[in-house]
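Positions are given from 1 along the sequence.
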Amino acid sequence: MHASYSRTPVSCKVPENNVIPTAIPAPIAPSSWAGTGLNELAQEIAEGERSSLSLVQECLQRIKDFDVSRRFNAIIDINKDALAQAGAIDERLAQGKQIGPLAGVPFIVKANIGTSELPNSSGNLSLAKMQPTYDSNAVRVLREAGAIVLATANTSEYA
């Protein structure tokens, strides 16, 4: 047996003054790294053309501008140590120390991938405070390459 669906027409009446009653957020300018590949970002940081600290700051500002102010709720938790880690990487690079091929490049982890710095909720509110004691293999490999965990991204429950 097939269900039958009826479509209800939606009224899209424009107000007389031609002002749409809903607020549309102002556009946000592209980031300084828009269109830049991961390897290019890592190379710019390694060569001192860009600092990891400024990149992390810009990423955090983008999260604030897009996710927080527009209530997308795509980001669950932000790594409170990301700025300090970026600054430490910049200092080590300035001293000529080799860190790894992704030194200072921030990345976001889906909320079902374990990281020792941020809760791993798997999209479930009852697990919102669950804190892994170790990193998943994927996070461990990225960290060993010098990358910085910036935040966790929301996910469907247990996805």
Side-chain angles (χ1 to χ4, degrees), residues 20-159:
I20 298 174
T22 58
I24 298 173
I28 298 173
S31 67
S32 68
W33 42 267
T36 306
L38 194 60
N39 290 331
E40 292 173 84
L41 284 173
Q43 184 175 359
E44 288 175 8
I45 291 169
E47 293 174 356
E49 295 174 24
R50 175 191 303 269
S51 73
S52 176
L53 184 60
S54 68
L55 181 58
V56 168
Q57 287 171 331
E58 187 173 355
C59 288
L60 292 171
Q61 186 62 48
R62 302 289 291 180
I63 290 170
K64 181 180 174 186
D65 291 345
F66 280 101
D67 191 57
V68 176
S69 70
R70 295 170 187 225
R71 298 186 182 131
F72 289 145
N73 297 322
I75 302 298
I76 299 173
D77 292 297
I78 293 178
N79 179 2
K80 63 181 177 13
D81 298 326
L83 289 170
Q85 291 171 1
I89 287 174
D90 287 339
E91 287 178 23
R92 290 173 60 195
L93 289 171
Q95 296 167 357
K97 295 180 181 176
Q98 294 296 321
I99 300 171
L102 296 176
V105 176
F107 68 100
I108 294 174
V109 178
K110 191 173 172 185
N112 63 351
I113 299 175
T115 171
S116 60
E117 293 171 318
L118 298 168
N120 181 356
S121 68
S122 293
N124 185 297
L125 286 176
S126 66
L127 300 175
K129 302 290 183 197
M130 192 193 93
Q131 183 71 44
T133 57
Y134 59 92
D135 290 335
S136 67
N137 286 337
V139 171
R140 181 185 51 78
V141 168
L142 288 166
R143 279 192 208 271
E144 287 173 358
I148 299 169
V149 175
L150 184 66
T152 53
N154 208 346
T155 183
S156 297
E157 191 171 34
Y158 300 118

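Nearest approach of Leu150 to Pro106, heavy atoms of both residues: CB-CB, 4.1 Å. Residues Thr155 and Ala111 approach most closely at CG2-CB, 3.9 Å, considering heavy atoms. Closest approach of Gly114 to Val139, counting heavy atoms only: O-CG2, 3.6 Å. A pairwise comparison of heavy atoms in Ile113 and Ser136 identifies CG2-OG, 3.1 Å as the closest pair. Contact between Asp90 and Ser51 at its shortest, heavy atoms only, is OD2-CB, 3.3 Å.
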What side-chain donor-acceptor pairs closer than 3.5 Å can you find for residues 77-86, not counting sequence neighbours?
from  : atom 1 : to     : atom 2 : distance (Å)
Asn79 : OD1    : Asp81  : N      : 2.9
Asn79 : ND2    : Glu117 : OE1    : 3.0
Asn79 : ND2    : Val149 : O      : 2.8
Gln85 : NE2    : Glu117 : OE2    : 2.5

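Residues Leu41 and Arg50 form a side-chain contact, since some pair of their non-hydrogen atoms from C-beta on lies under 4.5 Å apart. Counting only heavy atoms from C-beta outward, the side chains of Thr115 and Arg143 approach each other to under 4.5 Å. Considering only heavy atoms from C-beta on, Asn154 stays 4.5 Å or farther from Ile75 through its side chain. The shortest distance between side-chain heavy atoms of Val109 and Leu118 does not fall below 4.5 Å. Between Pro119 and Gln131 there is a side-chain heavy-atom pair separated by less than 4.5 Å. For the pair Phe107 and Leu142, the minimum side-chain heavy-atom distance is below 4.5 Å.
Counted by atom type alone, Asp65 and Gln61 present one or more donor-acceptor pairs between their side chains at under 3.5 Å.
In this structure, Asn120 contributes its side chain and Pro132 its backbone to no donor-acceptor pair below 3.5 Å.
Separating the CD atom in Glu91 from the CG atom in Leu53 is a distance of 9.5 Å, to the nearest 0.5 Å. Atoms CZ and NZ, on Arg62 and Lys64 in that order, are 13.5 Å from each other to the nearest 0.5 Å. Here OG of Ser116 is found 12.5 Å from CZ of Arg140. Values are rounded to the nearest 0.5 Å. One distance of note links CG of Leu60 with CD of Glu58; it measures 10.5 Å at 0.5 Å rounding.
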Ser121 and Ile76: CA distance, side-chain angles, deciding distance, side-chain contact (heavy atoms from CB on, under 4.5 Å) verdict: CA-CA 9 Å; Ser121 68; Ile76 299 173; 4.0 Å; yes
Show your reasoning for whether side-chain contact (heavy atoms from CB on, under 4.5 Å) applies to Val105 and Ile45. CA-CA 8 Å; Val105 176; Ile45 291 169; 4.1 Å; yes
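Counting non-hydrogen atoms of neighbouring residues, nucleotides and ligands closer than 6.0 angstrom, the CD atom of Gln95 exceeds 12 such neighbours.
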